[in-house]
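To start, the structure itself, in structure tokens.
Counting starts at 1 for both ligands and their atoms, following the listed order. Note that the numbering runs from 1 along the sequence shown for the chain.
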Amino acid sequence: MSDWMNLDQEYIVGCYGRFPAVLVKGQGAKVWDETGKEYLDLGSGIGVNSLGYCDPEWVEAVSSQAARLQHTSNLYYTTPDIALAQKLCTETGYQKAFFCNSGAEANEALLKIARKYSFDKYGKGRHTIITLVNSFHGRTMNTLTATGQEVFHNFFFPFAEGFRYAQPTWEGVQEQLDDSVCGILIEPIQGEGGVCPLDKEFVQKLAKFCEEKDILLLCDEVQTGIGRTGKLLAAEWFDVRPDVVSLAKGLGGGLPIGAVLCNEKTQNVLGPSHHGTTFGGNPVVCAGALVCLGRIADPAFLQQVQEKGERIRSTLSQSPEVEDIAGLGMMLGIRLKTKTAKEVANAALEAGVLVLTAKEKVRLLPPLTITQEELTQALDKLLGVLNG
Ligand SMILES: *Cc1c(COP(=O)(O)O)cnc(C)c1O
């Protein structure tokens, strides 16, 4: 173990099972550890580094904003967050954005919007949020409660009231419905749950039903959003327009940001004093996010994400170890025949490729800007590991 790993063990709370690599610098899809070993990164910091490491335009925007005005609090207007909100709304067709600092925090805002929308219109008691079995929505008390996996509902009792879990099917949702339901929260592709896309017909039926009953359709796009699936929002693949969308991971390109997008129905639910966060809309973070969005919202860029995703899929499908590959664009989950995902991830690290796991699958979330050459190298190595 290196000195840094020992110090980590001594001084950092042990929440994380880390791979044995101390990463010190990166460029594009490549990253180097303290010994100088090079890795091709197919995880991009769990889908965060959407433009790869140290994209020159992103670095310039972030560093020049840091040198001009780093923070003011939300007591004053600043320009990067307003520009980012405008761009997000015009590109997605939503009405307004709220900024915060993480995926969990975006989902907290989304949940508050759903509850208050219903309270304003129907009064007390219509507060239940239905979430789906196998979902993941974050680590705060409410988002942990919203997470539809029993293994997470431990230790931290009591959990919040007002959540119910439905199997991700039409019948499953019907079983959980009653007059107290104000919102239904979905991930278009369950990421941490093992890269499981929801059924399109189910999502469309749900959207139509929600609209009829004035139940809000809430969409957690923390992992799927901002180009990850080859569309700006993954909801586009399902031809639905949720009432509230949460975003985070890939939006900032490496700096902490969360966002909630509101439609016509939900844009004015939160007013002064109903919600807020000190760091939300931070100028440095938003300057970086603006570069990401500017690049990713281009249809030609999104088309490339789809094409690179197809290339990864068809290349890795050739391995006899691969059972199947699920996902959309560059959000892929590989089910293996004999090896465990953890074994493959460890062997890939040895071979110089960083991959993620999700449940029993190997999960890939490469930087959206990965070059064909970087992809060739990474896929060669990964195939070697799979077939080895
Ligand atoms: C990562 C993730 C979250 C939590 O985001 P944090 O930034 O870690 O709080 C919530 N929902 C989904 C779908 C995620 O993938």
List the residues meeting side-chain contact (heavy atoms from CB on, under 4.5 Å) with Lys112, not counting sequence neighbours, and say none if there are none. His275
Which protein residues have a heavy atom closer than 4.0 Å to any atom of ligand 1, listed by chain and number? Ser102, Gly103, Ala104, Asn107, Phe136, His137, Gly138, Glu187, Asp220, Val222, Gln223, Lys249
List in chain and number order the residues that pass salt bridge (Lys or Arg N to Asp or Glu O under 4.0 Å) with Glu212, two or more places apart in sequence or in another chain; answer none if no residue qualifies. Lys208
Side chain to side chain contact (heavy atoms under 4.5 Å, CB included) between Ile186 and Leu218: does it pass, once the steps are laid out? CA-CA 6 Å; Ile186 63 170; Leu218 313 166; over 6 Å; no
Between Tyr122 and Asp214: side-chain donor-acceptor atoms closer than 3.5 Å: yes
Partner set under side-chain contact (heavy atoms from CB on, under 4.5 Å) for Asn107, not counting sequence neighbours: Leu110, His137, Thr143, Asp220, Val222, Ser246
Pairing donors with acceptors under 3.5 angstrom, does anything connect the side chains of Thr376 and Glu373? no
